[in-house]
Amino acid sequence: MQAAAQPTEGDDTDSLLHRCAGGDRAAFRQLYDRWGHRLYGIALRITRQAAPAADATQDAFVQIWQQAHRFDPERGSTEAWLIGIVRYRALDIMRSRTREVPGYEPPEIADESPDALARLVGTAEGAALHRCLGELEPGRRRLVVMAFVEGLSHSELARCLRVPLGTVKSGIRRTLRTLRGCLAS
Amino acid sequence: MSEHQDRDLLAAEFVLGSLEGEDRREATRLLAEDAGFARSVAAWQQRLTPLAAQVPAVAPPTGLWRAIEARIDPPAPPSRVLPLRRRLRFWQATTFGALAVAASLALLITTRHPEQRRVAVLMPVSGGMPAMTATVSRGGELVVRPATSITVPGDRDLELWELPQGETKPRPLGVLPPSGIVLATTLAGNTQLLVSLEPKGGSPTGQPTGPVLYGGWLTMVELPRG
């Protein structure tokens, strides 16, 4: 392990990102030390292979550095912003791969466990999502969780779950509409 | 586009990640061109991101930092800080912003007592004095600091684990430099933290392979003001 920055008070992620926007490379290194594990873990879950996960994480951090000044705290948390960047990059890589490799088959996916979803309740937003997911029929809940966490596309979900593509599409749209209503209440 | 009359729902699908082909291209185009759509995407991102909490953190390959560093050369001009500061000032000055701040403060006060923190003292399992302390910061980040000088063999790394009550398999939180670490992570409500000795770079299996050296439960404590 290279010399990691000594943790100090007052260097929360918001301040680090703000310092990155000002060109502070030490802050960027601290941001990497703090978020590298999490963002790589998220990319790895979507790509399932180390090489594309490393590419996605690398691209994401370069983008974070270049766009730190564009982060708008009014629109959401730093966490959602950082995780969004690595997810879209990993998804980009996977979607182009699916197109290029006709024989590509998504791996079998294990069911999401209730234990894993219990982890959501740590924050107010997570608790609301947990409550609303709990109100969904289990099959619907599974669609949403598999798509978000495993990064599966509509057609990959259809293949994994052995249901017609149209059923997956309409099921996801209906589920998101239900979630939207529940989260707004 | 008739299928996507409800653009907010298209934004939701984009954030979920399940879109492909023409629909995905359309959403990507809208994200760049349509401010309303971009706002919808940000709102859904905020709603759905808690789902990412269940994905375990994994140590990135060594050399990744160097690759990133090579791509961000030369250093960015420091003038970039200005737009953010201006935007922050503007945001804080607007009535809407002030209301939002008041609302979020109210939420903070009702949901989290400001003087309460989750802390753990990590003791050597073989007995002895405390080795490390762990604190969950106000922003929810886990701060682990050494309480004593810790040496690790050159070909080994310490790895930090979370073992929630009632579970049997620890979840990896990442490689832990002896100097301490700050990690963005979501921890279970009632959990203990463990530190094991692993090969360089962390356990290759996702479970501890070496001896567990330190451990302790995270508990809520009242911290004095200031």
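Under the 4.5 Å side-chain criterion, counting only non-hydrogen atoms from C-beta, B:Ile72 is not in contact with A:Phe61. A:Arg95 is not listed as a side-chain neighbour of B:Leu19, based on a closest heavy-atom distance of 4.5 Å or more. Residues B:Val41 and A:Tyr88 meet the side-chain proximity criterion, which asks for heavy atoms closer than 4.5 Å.
Residue A:Ile83 touches chain B through its side chain alone, counting heavy-atom pairs closer than 4.5 Å. Both the backbone and the side chain of B:Val15 come within less than 4.5 Å of a heavy atom of chain A. Proximity to chain B is limited to the side chain of A:Arg45, based on heavy atoms less than 4.5 angstrom apart. With a threshold of 4.5 angstrom between heavy atoms, B:Pro172 does not approach chain A through any atom at all. Both the backbone and the side chain of A:Asp59 come within contact range of chain B, with heavy atoms under 4.5 Å apart. Within the 4.5 angstrom heavy-atom criterion, no atom of B:Leu142 approaches chain A. Contact of A:Leu133 with chain B is made through the side chain alone, with heavy-atom distances under 4.5 Å. The parts of A:Arg180 that come within reach of chain B are both its backbone and its side chain, each placing non-hydrogen atoms under 4.5 angstrom from that chain. Within the 4.5 angstrom heavy-atom criterion, only side-chain atoms of A:Leu183, from C-beta onward, approach chain B. Residue A:Ala50: no heavy atom, backbone or side chain, is found under 4.5 Å from chain B. With a threshold of 4.5 angstrom between heavy atoms, A:Ile172 approaches chain B through side-chain atoms but not through N, CA, C or O.
Of all the listed residues (B:Gly17, B:Ala59, B:Ser18), the one sharing the greatest number of non-hydrogen pairs under 4.5 Å with chain A is B:Ser18. Interface check for chain B: of the options A:Cys132, A:Ala43, A:Gly76, the most heavy-atom pairs under 4.5 Å are formed by A:Gly76. Contact tally against chain B (heavy-atom pairs below 4.5 Å) for A:Gly36, A:Ala54, A:Ser77, A:Gly151: the top residue is A:Ser77. In terms of heavy-atom pairs under 4.5 angstrom with chain A, the leader among B:Gly201, B:Ala12, B:Ala57 is B:Ala57.
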### Message
Assess the residue pair B:Thr49 and A:Trp81 against the criterion (side-chain contact (heavy atoms from CB on, under 4.5 Å)); give the C-alpha distance rounded to whole Å, side-chain angles, the decisive distance to 0.1 Å, and a yes or no.
### Response
CA-CA 9 Å; B:Thr49 295; A:Trp81 190 73; over 6 Å; no

### Query
What's the verdict on side-chain contact (heavy atoms from CB on, under 4.5 Å) for A:His37 and B:Leu173, showing C-alpha distance, side-chain angles and the deciding distance?
CA-CA 8 Å; A:His37 291 63; B:Leu173 294 177; over 6 Å; no

### Query
Which is it for B:Trp65 and A:Phe28 under the ring pair (Phe, Tyr, Trp, His ring centres under 6.0 Å) test, yes or no, and what are the steps along the way?
CA-CA 10 Å; B:Trp65 168 251; A:Phe28 186 53; 5.5 Å; yes

### Task
Would you sort out whether B:Glu69 and A:Tyr32 count as a side chain to side chain donor-acceptor pair (under 3.5 Å), showing the intermediate values?
CA-CA 11 Å; B:Glu69 216 180 13; A:Tyr32 176 81; over 6 Å; no

### Message
side-chain contact (heavy atoms from CB on, under 4.5 Å), that's the test. Do B:Val58 and A:Arg38 meet it? Break it down for me.
### Response
CA-CA 6 Å; B:Val58 179; A:Arg38 250 196 107 183; over 6 Å; no

### Task
Evaluate side-chain contact (heavy atoms from CB on, under 4.5 Å) for A:Leu129 paired with B:Leu48, printing each intermediate quantity in order.
CA-CA 7 Å; A:Leu129 184 62; B:Leu48 295 179; 4.2 Å; yes

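Counting all heavy atoms, side chain and backbone alike, B:Pro60 lies closest to A:Tyr40 at CA-CD2, 3.6 Å. Looking at every heavy atom in both residues, A:Val149 comes nearest to B:Leu51 through CG2-O, 3.8 Å. Contact between A:Gly41 and B:Val55 at its shortest, heavy atoms only, is O-CG1, 3.5 Å. Across A:Arg75 and B:Ala35, no two heavy atoms sit closer than the pair NH2-O, 4.3 Å.
In this structure A:Thr175 satisfies the side-chain contact (heavy atoms from CB on, under 4.5 Å) test together with A:Leu136, A:Arg140, A:Val144, sequence neighbours excluded.
Contacts classified as salt bridge (charged side-chain N to carboxylate O under 4.0 Å, His left out) and involving residues 34-49 of chain B (residues at least two apart or in different chains) are given here: B:Arg7-B:Asp34.
Here the straight-line distance linking atom CD of A:Gln63 with atom CD1 of B:Ile68 works out to 12.0 Å at 0.5 Å rounding. Here the CD-CD distance, from A:Glu79 to B:Gln45, works out to 11.0 Å after rounding to the nearest 0.5 Å. Here the CG atom belonging to B:Asp23 is positioned 7.5 Å from the NE2 atom belonging to A:His154, to the nearest 0.5 angstrom.
When atom types are taken as modelled, the side chain of B:Glu13 and the backbone of A:Arg173 share no donor-acceptor pair closer than 3.5 angstrom. At least one donor-acceptor pair closer than 3.5 Å links the side chain of A:Arg87 to the backbone N or O of B:Leu16. A donor-acceptor pair under 3.5 Å is absent between the side-chain atoms of A:Arg34 and the main chain of B:Ile181, judged by distance alone. The backbone N or O of A:Asp12 lies less than 3.5 Å from no partner atom in the side chain of B:Glu141, so there is not a single donor-acceptor pair.
Taking a cutoff of 4.0 Å between a charged side-chain nitrogen and a carboxylate oxygen, B:Arg24 and A:Asp92 qualify as a salt bridge.
Side-chain contact annotation: B:Glu20 with A:Ser155, donor-acceptor N/O pair under 3.5 Å present.
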